[in-house]
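A quick write-up on the structure given underneath.
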Amino acid sequence: MTEGLWIGLTTALQPLNLLMVMVGCFAGTFIGMLPGLGPISAIALMIPITYGLDPAAGLILMAGVYYGAIFGGSTSSILINAPGVAGTVATAFDGYPMAKKGLAGKALAVAAYASFSGGTIAAVFLLLAAPALASVALSFQSPDYFALMVLGLTAVSAFAGRGQFLKALLMTVLGLMLATVGQDVSSDVSRFTFGSIDLLDGISFLLLAMATFALSEALMLVLRREKPSGEAEKALRGGMGTLKLDRREVREIAPVIGRSSLLGFLVGVLPGAGATIASFLAYGMERHIAPAKKKEEFGRGSLRGLAAPETANNAACSGSFVPLLTLGIPGSGTTAVMLGALISFGIQPGPRLFVERPDVFWSVILSMYVGNVILLVLNLPLIPYIARLLALPRQLLIPLILFFSLTGVYLISFNTFDIQLMVLFAAVAVVLRLAGFPMAPMILAFVLGRLMEENLRRSLLLWDGSLAFLWERPITLGISLLTLLVLATPVLQFLRERRARTVTAGEGG
Amino acid sequence: MPFHRDRIWALVFLALSVAYGVEAQRIELYFGGEDEAFTARTFPTALAWTGGIVAFLLLISPVDPDPRPRLREILGYDWLRVAALLALMVAYGLAIQRLGFFLSTSFFLLAGYLLLGERRPWMLFVASFPVVAVFQFLLQGLLGIYLSDPFLALIGITG
C-alpha cells in the first residue's frame, strides 16, 4: 500500500495533473453553479477534452470537476436558493436564510470548510476501504459480477425517489436496451441497427450522456423560461459579508462534520444512494440530535444545518468511488459517466485495476484530497468573483452549452449522424423528464449493459444454461438476496403507507 | 381505470418492449445456435420480458392523483423556442460538412443567441465568430485536431 501511495502521490502531484485538478475544480464550480446543470453534465462536457490526455490525468480532471460541481451547486443554493445539483438541495435549507441575513460569506465559508473536511475524511476512509475491498473482489467470478450489477441497478431504481421506483426501473431497462444496439461482441451479429451502418458500432456513451444530460438540461432551462441571472445579480449586489468563522462557531460545527463524514461516506458506498440521500440523512440526523434550542434554528440559518449536508454530500462523492474503483460497478449516474470514460480509455475498472494500473487507482484517490485543498485554498477566496458568472445572460450561455455538447461528440466521430441522433435523444429526454422519468438509472444501465451481458453469457455457459448460478455460490446467493431485499423495500414502504392511510381514513370516518 | 399520464407512459413502454422483443427474435443466429445456452438473442429477450412486466406493473399500480408539473403548466412552457433550437441543431448537423466548421458553428451560435432574445449586434458578433475562431485555433493549432473547412481553405487560412 505504501508503494501504491507513493506512485499515486507522485502521479497526482505532477504539474500537468495538478493543473488538471485546478482546471477541473474551476470548471466544475462554474458548471455546478448553473441551476439545472449537474455534475453529470459537467463531467460529460469534459470528456472530449480528456481523450487527448493519459487516463490518470483524464480521471483526475473528472474527479476535480465532480468536486467542483458539488461545491458550485452549494454556492448557487446559498446565494440564490437555486441548487445546481440535487445533492445540494439540503444546503439551501439553512444556507439561503444565512445569505438573506447578510451572512452569505460566512455561509459559503462554512460550506467550503465542511466540504473540505468531509471530502478529506472520506478520502482517508477510501484509502483504507478501497484496497481491502479490491483484495476481496479478486475472488469474484462472472456470476458475482452479474449479480452485483443487478443489485446496483435495482438499488439505483429503489433510491430514485418516492413513487418513482417503477419509472426508474423502466429507465434502467431502456438503458440496457440501448446498450444492445450494434454488433454483438461475442457473435459479431448486428442487432437493432435497422440496416444502418452508423449504428453498427453501437450508440456512443458520450453521445447518450451529452444528449440526455447536458443538452436536455439546457433545453429544460429554455422550456421553463428560467432566468437565474436576475436573482444572482440581486444576491451579489447585497455583498458577501465576512468569510471568517470564530472559535465558538468552529467548535459548534466540528462534531457535526465528524458524524456527517462517516454517514456520508457509508451512504456513498451503497449503490444508488449517493450525495442527495447522504445530505438529507445528515441534515435529518443533526436536527434530530440537536439540543432543543439549536433545533429551532434549523431552517432559519443554522450552522449545523448547513455543515451537515455539505459534509455528507462531499463524503458521499468519495464513497461512491469505492464500488467504481474496486468492483468496476458505478454506484451513481456520475460515476457511471466516469466508468464510461475509463472504458473508452481502454481501462477496465475493477479489482485488477488496483494491481495492473496502480498509478490510476492511487492517483485518483490522492487527487481527491488535492482537489479538496484546491477548492478550499483557491476557490473560496475567488467565490465572489466566480459567482459573478451566475449573472451571465442565459441567451448567451445556453447556445454555448449546446455548441460544446454537439461539437464534443462530433469531434470524436466526425459523423453528422451523431448530431442528429443527439438531437433525437435530447428531445426524448426532455419529454421523459417532464413525465418524471429519471435519467441517471438509464445512463448507469447503458454503461453496464455490455458488461452485464458478457457476465451473464459466461455464467450461463458455465452453468449449462441454468439460472442456478444465482444461488449456488455463497457470494452470489448473498448478493441475490440483497437484491431481493432492495426490490422489496419500495413495495413494503408502499404497503405500509397504504395501511396507515386506511387506518387514518377509518378513524376519520 | 382513470385516464392518467403515467398509464399512457406505461402503455408506451409496454409497446416498446413488445416491439423490441419481436425485433429480438429477428436477430440472426448461426446454424444450430438455437440449442446453445446463450445466443445474441438471449439478453434482448430477457430485457423485452423485464420491460413488459415492469411496464405492466406501472399500468396497474396506483397513480399520483396530482402529478407535477401539471398539464396546464407543461402546455404553457416555451415549446416553440425549444422546437426552434432542436431544428437549429438538426440544421447545424446538416451544414457542418457542407459549409465547414467555422461558418456553420458561427451561424449556429448567432442564430441560437438570436432565438433566445439577444439583440445587441456587437454581442451577437463577438460571441460567435471570434469565439469559434479561437476554439478552432485551439483545436487545430494546439490539440492537432484537423477539421476540414472548405470556407477557410477558400480564403487561404487552412490548406
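So you know, we letter chains A, B, ... as the sequences are listed, proteins then strands, and number each from 1. As a basis for the values below, the full set of heavy atoms in this structure was taken, side chains included, without hydrogen atoms, waters or symmetry mates.
With a threshold of 4.5 angstrom between heavy atoms, B:L47 approaches chain A through its backbone and through its side chain. With a 4.5 Å cut-off on non-hydrogen atoms, A:L406 touches chain B through its side chain but not through its backbone. Neither the backbone nor the side chain of B:S128 comes within less than 4.5 Å of any heavy atom of chain A. Both the backbone and the side chain of A:L400 have a heavy atom closer than 4.5 Å to some heavy atom of chain B. Proximity to chain A (any heavy atom under 4.5 Å) is shown, for B:A24, by both the backbone and the side chain. Heavy-atom distances place the side chain of B:F108, and not its backbone, under 4.5 Å from chain A. Heavy-atom distances place the backbone of A:D464, and not its side chain, under 4.5 Å from chain B.
Between chain A and the residues B:P62, B:A48, B:G117, B:A10, the largest count of heavy-atom pairs under 4.5 Å involves B:P62. If you tally non-hydrogen atom pairs under 4.5 Å between each of B:E73, B:E28, B:R26 and chain A, the highest count goes to B:E28. Comparing A:S190, A:A179, A:P399, A:G465 by how many heavy-atom pairs each has under 4.5 Å with chain B, the most go to A:P399. Top candidate by heavy-atom pairs under 4.5 Å with chain B, chosen from A:V185, A:L424, A:L432, A:D418, is A:L432.
Here the CD1 atom belonging to A:I398 is positioned 12.5 Å from the CD atom belonging to B:E118, to the nearest 0.5 angstrom.
Electrostatic pairing of B:D78 and A:R224 does not count as a salt bridge here, judged by no charged N lying under 4.0 Å from a carboxylate O.
Checked by atom type and distance alone, the side chain of B:Q97 pairs as donor or acceptor with a backbone atom of A:F414 at under 3.5 Å. Between the side chain of B:Y30 and the main chain of A:S187, a donor-acceptor pair closer than 3.5 Å is present. In terms of modelled atom types and a separation under 3.5 Å, the side chain of A:R191 and the main chain of B:I27 share no donor-acceptor contact.
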Between B:D6 and A:K167, does the side chain to side chain contact (heavy atoms under 4.5 Å, CB included) criterion hold? Intermediate values first, please. CA-CA 9 Å; B:D6 279 1; A:K167 286 182 176 178; 3.0 Å; yes

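For B:F101 and A:Y410, the ring centers are positioned 6.0 Å apart or more. With ring centers used as reference points, B:Y92 lies 6.0 Å or more from A:F403.
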